[in-house]
Number of protein chains: 2
Amino acid sequence: MDIGTPAPRRRMRADARRNYERLLAEAAAAFAEHGADFSLEEIARRARVANGTLYGHFPTRRALLEALLGDRMRALAATGEELLPHPSPFDGLAAWARAAMAHTTIYRGLGAALMQAVEDETSELHTACKAVLAAGEGLVARARAAGEVRPDVTAPDLYALVNAAAWAGEQSSIPQGERLLTFGLDGFRTSATTRG
Amino acid sequence: MDIGTPAPRRRMRADARRNYERLLAEAAAAFAEHGADFSLEEIARRARVANGTLYGHFPTRRALLEALLGDRMRALAATGEELLPHPSPFDGLAAWARAAMAHTTIYRGLGAALMQAVEDETSELHTACKAVLAAGEGLVARARAAGEVRPDVTAPDLYALVNAAAWAGEQSSIPQGERLLTFGLDGFRTSATTRG
DNA sequence: ACCTGAACACCGTTCAAGT
DNA sequence: ACCTGAACACCGTTCAAGT
């Protein structure tokens, strides 16, 4: 499903709304091309807006990321709930993990932001991260109950695996992210407990 | 084994040598406390040296890291070779992976530097990273030959797992690094291939 | 209600001038 | 042979002054 440009929550003056949307558009393009750590000052310049205007709309980089990704993250959480009744609890979990990693890789450096935001209640991204974590929790709990995943696997394990794999993929010229995710998910499986 | 302060490779003038060592000492302390991305300018200030002097001795941040960690990384590679005749190839590999992660976590942010350096031949850290990778390759090859690890597991997989786990641990308030490493290593195991 | 742009306190890196 | 410190081109963030 296409999500489109997010809309500001409240009524805004016409010029404010235009600036808001130009900032979002330039940020989306710049983050996609150069990563989530791209210069905010340069984004303001590209949007033909004073740097102070950017901070007026988005007091932190996290606020900007939330405006860009909040809906997408809630959609990811919803996908997790849709996968709950999957015939194979492990396969449902694995499919969602791959979708989550695909989400994390839209901006380079995003994994770090998502890892920090889930533990930082003051982060504008925190609520969205919590929703994603909760979706993971549902899938993990069901796979655990079905005995398809080790009893000690937690939702934070899944969350960390997805972000760490995305991170590894960014650092590598080969598809290291997908490989790590596969190995990690298989490490979650009950059969992996059987040691020599 | 203690490694101590690395020595410059060539004869130096007395004042140069003093500056070199002060820079190394301040960098080691600052990196340990604030991570491998700590300001080089501030390190020069703490060493009571002009910023240009730092660049004279260490043209890049990577050169500074190499001077600090090169010997330690070669020692890690040697440990890998010592573990080659381990009675259980998998356990030997796992023990070395844990040692490697312990090495990576001495400075926050080091994992990213090590991931990039192993693919960047122009990096001053490249040779040391290659030595570590080669040690991993030996352990992986033996575990693979013994059938204790999946046939498709590679040395870069192990290298990436260690660094990604170290990275995840840095972002988290719980020991997420150790957990991810355990899951990933178990995902390497042959038994994990047995799927439903 | 919102925008502007200067101000402040930082970076990394280079390089002419010194000793 | 090495050191110095200014110079350059950047950052993120704040805030008084405008409209």
Side-chain angles (χ1 to χ4, degrees), chain A residues 7-27 30-31 33-68 107-109 112-113 116-117 120 122-125, chain B residues 7-27 30-31 33-67 107-109 112-113 116 120 122-125:
Chain A
R9 351 183 202 307
R10 281 263 302 133
R11 204 81 183 88
M12 291 170 72
R13 223 167 64 181
D15 58 339
R17 162 141 219 160
R18 238 197 18 168
N19 287 338
Y20 179 93
E21 275 164 6
R22 296 181 69 141
L23 283 165
L24 273 190
E26 293 297 340
F31 288 169
E33 193 174 3
H34 300 103
D37 296 317
F38 190 77
S39 162
L40 297 181
E41 206 168 354
E42 177 64 23
I43 288 172
R45 268 193 296 268
R46 293 183 181 190
R48 297 178 193 289
V49 144
N51 49 4
T53 302
L54 188 152
Y55 285 93
H57 286 290
F58 309 104
T60 66
R61 184 182 297 272
R62 292 180 301 274
L64 188 45
L65 286 170
E66 207 285 332
L68 287 169
Y107 302 151
R108 198 147 31 85
Q116 282 156 14
D120 178 6
T122 73
S123 167
E124 294 88 343
L125 276 167
Chain B
R9 352 186 201 304
R10 281 261 302 131
R11 204 82 182 87
M12 292 170 71
R13 223 168 63 182
D15 58 340
R17 162 140 218 160
R18 235 196 21 165
N19 287 339
Y20 179 93
E21 274 164 8
R22 295 181 70 140
L23 283 165
L24 273 190
E26 293 297 339
F31 287 169
E33 194 174 2
H34 301 102
D37 295 318
F38 190 78
S39 161
L40 297 181
E41 206 169 354
E42 177 65 21
I43 288 171
R45 269 194 296 268
R46 293 183 182 190
R48 297 179 193 289
V49 144
N51 49 5
T53 302
L54 187 152
Y55 284 93
H57 286 290
F58 310 104
T60 66
R61 183 181 297 273
R62 292 179 301 273
L64 188 46
L65 286 170
E66 207 286 331
Y107 302 151
R108 198 149 30 86
Q116 282 157 13
D120 178 7
T122 72
S123 168
E124 293 88 343
L125 276 167

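All values derive from a computational prediction rather than experimental measurement. Every chain is numbered from 1 and lettered A, B, ... according to where its sequence line falls, protein lines coming before strand lines.
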Colleague: Within the structure provided, determine whether A/Leu40 and A/Asn51 are in side-chain contact (heavy-atom separation under 4.5 Å).
Modeller: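 No, their side chains stay 4.5 Å or more apart.
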
Colleague: Dot-bracket, DNA chain C: Watson-Crick or G-U, under 3.5 angstrom, [ ] crossing, | other strand?
Modeller: ||.|||||...|||||.||

Colleague: Quick one: does B/Arg22's side chain have a donor or acceptor within less than 3.5 Å of a partner on B/Ala47's backbone?
Modeller: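 It does hold such a pair.
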
Colleague: Is any side-chain heavy atom of A/Tyr107 less than 4.5 Å from a side-chain heavy atom of A/Leu68?
Modeller: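 Of all side-chain heavy-atom pairs linking A/Leu68 with A/Tyr107, at least one is under 4.5 Å.
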
Colleague: Looking only at atom C1', what distance separates C/dC15 and D/dC3, rounded to whole Å?
Modeller: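 Roughly 12 Å separates the two C1' atoms.
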
Colleague: Shoot me the first and last contacting nucleotide of DNA chain D against chain A, ordered 5' to 3', at under 4.0 angstrom to non-hydrogen atoms.
Modeller: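 Taking any atom under 4.0 Å from a heavy atom of chain A, the span is D/dC11 to D/dC15.
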
Colleague: Between A/Asn51 and A/Gly56, which is nearer to the 5' end of DNA chain C once each is assigned its nearest nucleotide?
Modeller: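 Going by which nucleotide is closer to the 5' end, it is A/Gly56.
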
Colleague: Is there a donor-acceptor pair closer than 3.5 Å between any side-chain N or O of A/Arg61 and the backbone N or O of A/Phe38?
Modeller: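 A pair under 3.5 Å: yes.
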
Colleague: Identify, between A/Ser39 and A/Thr53, the residue whose nearest nucleotide on DNA chain D lies closer to the 5' end.
Modeller: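 It is A/Ser39, whose closest nucleotide lies nearer the 5' terminus.
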
Colleague: With a 4.0 Å cut-off, would you call A/Arg62 and A/Glu66 a salt bridge?
Modeller: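 Salt bridge absent between A/Arg62 and A/Glu66.
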
Colleague: Would B/Glu124 and B/Thr60 count as having a side-chain donor-acceptor pair, cut-off 3.5 Å?
Modeller: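 Yes, B/Thr60 and B/Glu124 have a side-chain donor paired with an acceptor closer than 3.5 Å.
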
Colleague: Looking at every strand, decide which applies to A/Arg45 at a 4.0 Å heavy-atom threshold: base, sugar-phosphate, or nothing.
Modeller: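 Sugar-phosphate: the residue A/Arg45, judged by heavy atoms under 4.0 Å, touches backbone atoms but no base.
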
Colleague: Mark yes when over 12 heavy atoms from residues, nucleotides or ligands other than A/Arg45 sit less than 6.0 Å from its CZ; otherwise mark no.
Modeller: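 Yes, because the 6.0 Å sphere around CZ of A/Arg45 holds more than 12 heavy atoms from other groups.
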
Colleague: Going by side chain to side chain donor-acceptor pair (under 3.5 Å), A/Asp15 matches just one of A/Arg18, A/Arg13, A/Arg17. Which one?
Modeller: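 Exactly one candidate clears the test, A/Arg13.
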
